[in-house]
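Just so it is clear, the structure is predicted and the values come from calculations on it, not from any experiment. Values reported hereafter were calculated over all heavy atoms of this structure, with side chains retained and with hydrogens, waters and symmetry mates removed. FYI, the numbering just counts along the sequence from 1.
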Amino acid sequence: MNHTFDISDKVAVITGGSGVLGSNIAEGFLRAGAKVIIIGAHQERVDAALTRLRQISNDVIGTVCNVLDINSLNSVKDTVLAQWGHIDYLINAAGGNIPGGTLTVDQNIFDMEVESLNKVVDLNLNGTVYPCLVFGEIMAKQKFGAIVNISSMTAYESITRVPGYSMAKSAVENFTRWMAQEMALKFSEKIRVNAIAPGFFIGNQNRAILINPDGTLTERSKKVIAKTPMRRFGDISELNGAVQFLCSEAASFITGTTLAVDGGFSAFSGV
């Protein structure tokens, strides 16, 4: 058996773990034998995710936590350490967009709601930075660990209608590189910080702009597919292998990088 990719018995903290992205990553980790704690903003969503995940493994706990609240994050940290004694991985899957932070077809940048813009940037940027500060400090003390942040195709290209999300994800990539060198230089080369950049996956947050009420593709979807060499949307489970790889010893000399999981979208000019 090749143990290079093995993550069994490792402890993973997954923010946004009650959402579609985070819960699917959690499912993949549990199937690979890891121990998981999921963090979510709403109790009912955390409970629903736990019900599904415990059908796979009992090595999962869940808690309600505001990723923008350091005290709340510290409480989760204490829970994890009391349960399992250490933290191997941090997956920052908390984030997303909000209706007021997305421009409609008829709007321009000057119609953007500043309050919504600030919320989107705060959630996606500081919602990644703050968990890194809290759980990354544990990794610094124990001298090992891996962090995987979530970037986006919006960090690669100026995709229309999502300015706040684009700015935040671009900053997440910059912070990923910065945190990678900080941890390796000052604490341990066994602490790695990377990110994945998902391509286009249909989820609850983007369904309305990608799929018409009758189930057909919107014009935006058609443009996405035309620029994706694989000519399809991704399945959310197709992110799991990339995250597990970046956490495993197979990626022991990889830090400060972003891995695109996008069906070729970022590599294709469209002509």
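Listed by first and then second residue, the ring-ring contact (aromatic ring centres under 6.0 Å, His included) pairs involving residues 98-139 amount to none (not counting sequence neighbours). Note on residues 32-79: no pairs pass ring-ring contact (aromatic ring centres under 6.0 Å, His included), not counting sequence neighbours. Evaluation of the salt bridge (charged side-chain N to carboxylate O under 4.0 Å, His left out) test over residues 25-49, restricted to residues two or more places apart or in two chains, returns Asp9-Lys35, Glu27-Arg31, Glu27-Arg52. Sorted by first and then second residue, the ring-ring contact (aromatic ring centres under 6.0 Å, His included) pairs involving residues 150-199 (not counting sequence neighbours) form an empty list. Identified under the side-chain hydrogen bond (donor to acceptor under 3.5 Å, both in side chains) test for residues 131-146, with sequence neighbours left out: none. Legend: salt bridge (charged side-chain N to carboxylate O under 4.0 Å, His left out) pairs involving residues 220-229, not counting sequence neighbours, sorted by first then second residue: Glu157-Lys227, Glu219-Lys222. Within the structure, the salt bridge (charged side-chain N to carboxylate O under 4.0 Å, His left out) test picks out no pair touching residues 250-271 (sequence neighbours left out). Within the structure, side-chain hydrogen bond (donor to acceptor under 3.5 Å, both in side chains) contacts touching residues 56-65 (residues at least two apart or in different chains) do not occur.
Side-chain contact check for Asp106 and Thr104: no donor-acceptor pair (N or O, by modelled atom type) lies under 3.5 Å. Residues Thr218 and Asn212 bring no donor and acceptor atom of their side chains to less than 3.5 Å of each other. Side chain to side chain, Asn126 and Asp122 meet the donor-acceptor criterion of an N or O pair below 3.5 Å.
Across Gly164 and Leu117, no two heavy atoms sit closer than the pair CA-CD1, 3.4 Å. Here the shortest heavy-atom pairing between Val36 and Ile38 reads CG1-CG2, 3.8 Å. For the pair Ser116 and Gly101, the tightest heavy-atom approach, listed with the atom from each and the gap, is CB-N, 3.7 Å. Closest approach of Ile211 and Ser221 over heavy atoms only: N-OG, 4.4 Å. Between Arg54 and Val60, the shortest heavy-atom distance links the atoms NH2-O, 3.3 Å. Scanning both residues, Ala49 and Gly17, for their nearest heavy atoms gives CB-O, 4.2 Å.
In this structure, OG1 in Thr79 is found 6.5 Å from CD1 in Ile61, a value given to the nearest 0.5 Å. The CD1 atom of Ile87 sits 8.0 Å away from atom CD1 of Ile37, with the distance rounded to the nearest 0.5 Å. A distance of 12.5 Å separates CD1 of Ile147 from CG of Leu246, quoted to the nearest 0.5 Å.
Between Glu249 and Lys190, none of the side-chain N atoms (NZ, or NE/NH1/NH2) sits under 4.0 Å from a carboxylate O, so this pair counts as no salt bridge.
Residues satisfying the side-chain hydrogen bond (donor to acceptor under 3.5 Å, both in side chains) criterion with Asn194, sequence neighbours excluded, are absent altogether. Judged as a salt bridge (charged side-chain N to carboxylate O under 4.0 Å, His left out), and not counting sequence neighbours, the contacts of Lys119 are Glu115. By the ring-ring contact (aromatic ring centres under 6.0 Å, His included) test, Phe265 pairs with Phe200, sequence neighbours left out.
The hydrophobic clustering, which links ILVMFWY residues whose side-chain heavy atoms are closer than 4.5 Å, places Ile236 and Leu53 together. Criterion: ILVMFWY side-chain heavy atoms under 4.5 Å apart, direct or through other members. Under it, Val148 and Ile39 are not part of a common hydrophobic cluster.
A donor-acceptor pair is defined here as one N or O able to donate and one able to accept, closer than 3.5 Å; no such pair exists between the side chain of Asp78 and the backbone of Ser75. Put simply, the side chain of Asp111 never gets that close to the backbone of Gln107: no donor and acceptor are under 3.5 Å apart. The backbone N or O of Ala93 lies less than 3.5 Å from a partner atom in the side chain of Thr15, making a donor-acceptor pair. Arg192 contributes no side-chain N or O that, together with a main-chain N or O of Phe253, makes up a donor-acceptor pair within less than 3.5 Å. Checked by atom type and distance alone, the side chain of Glu173 never pairs as donor or acceptor with a backbone atom of Ser170 at under 3.5 Å. A distance-only check finds no donor-acceptor pair linking the side chain of Arg177 to the backbone of Gly256 [under 3.5 Å].
Using cut-offs of 30° and 60° for the angle between ring planes, the Phe245 and Phe5 rings count as tilted.
Residue Asn92 is tested with Thr128, Thr176, Asn149 for a side-chain hydrogen bond (donor to acceptor under 3.5 Å, both in side chains); the sole match is Asn149.
Residues Leu81 and Ile138 meet the side-chain proximity criterion, which asks for heavy atoms closer than 4.5 Å. A 4.5 Å side-chain heavy-atom check between Phe29 and Ile7 finds at least one atom pair inside the cut-off.
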For this session: Would you please test Leu90 and Cys132 for side chain to side chain contact (heavy atoms under 4.5 Å, CB included) and show each step?
Result: CA-CA 8 Å; Leu90 168 64; Cys132 284; 4.3 Å; yes
Problem set entry | Residue pair Phe201, Val20: steps toward the side chain to side chain contact (heavy atoms under 4.5 Å, CB included) verdict | CA-CA 11 Å; Phe201 301 77; Val20 174; over 6 Å; no
Problem set entry | Audit row: Ile150, Val172, side chain to side chain contact (heavy atoms under 4.5 Å, CB included) steps and yes/no | CA-CA 8 Å; Ile150 308 297; Val172 165; over 6 Å; no
Exercise. Yes or no on side chain to side chain contact (heavy atoms under 4.5 Å, CB included) for Phe144 and Met139, after CA distance, side-chain angles and deciding distance?
Worked result: CA-CA 5 Å; Phe144 64 85; Met139 296 178 185; over 6 Å; no
List the atom pairs, donor and acceptor, that lie under 3.5 Å between side-chain atoms in residues 64-71 and the rest of the protein, sequence neighbours left out.
unit_1: Asn66; atom_1: OD1; unit_2: Leu68; atom_2: N; d: 2.9
unit_1: Asp69; atom_1: OD1; unit_2: Asn71; atom_2: N; d: 2.9
unit_1: Asp69; atom_1: OD1; unit_2: Ser72; atom_2: N; d: 3.3

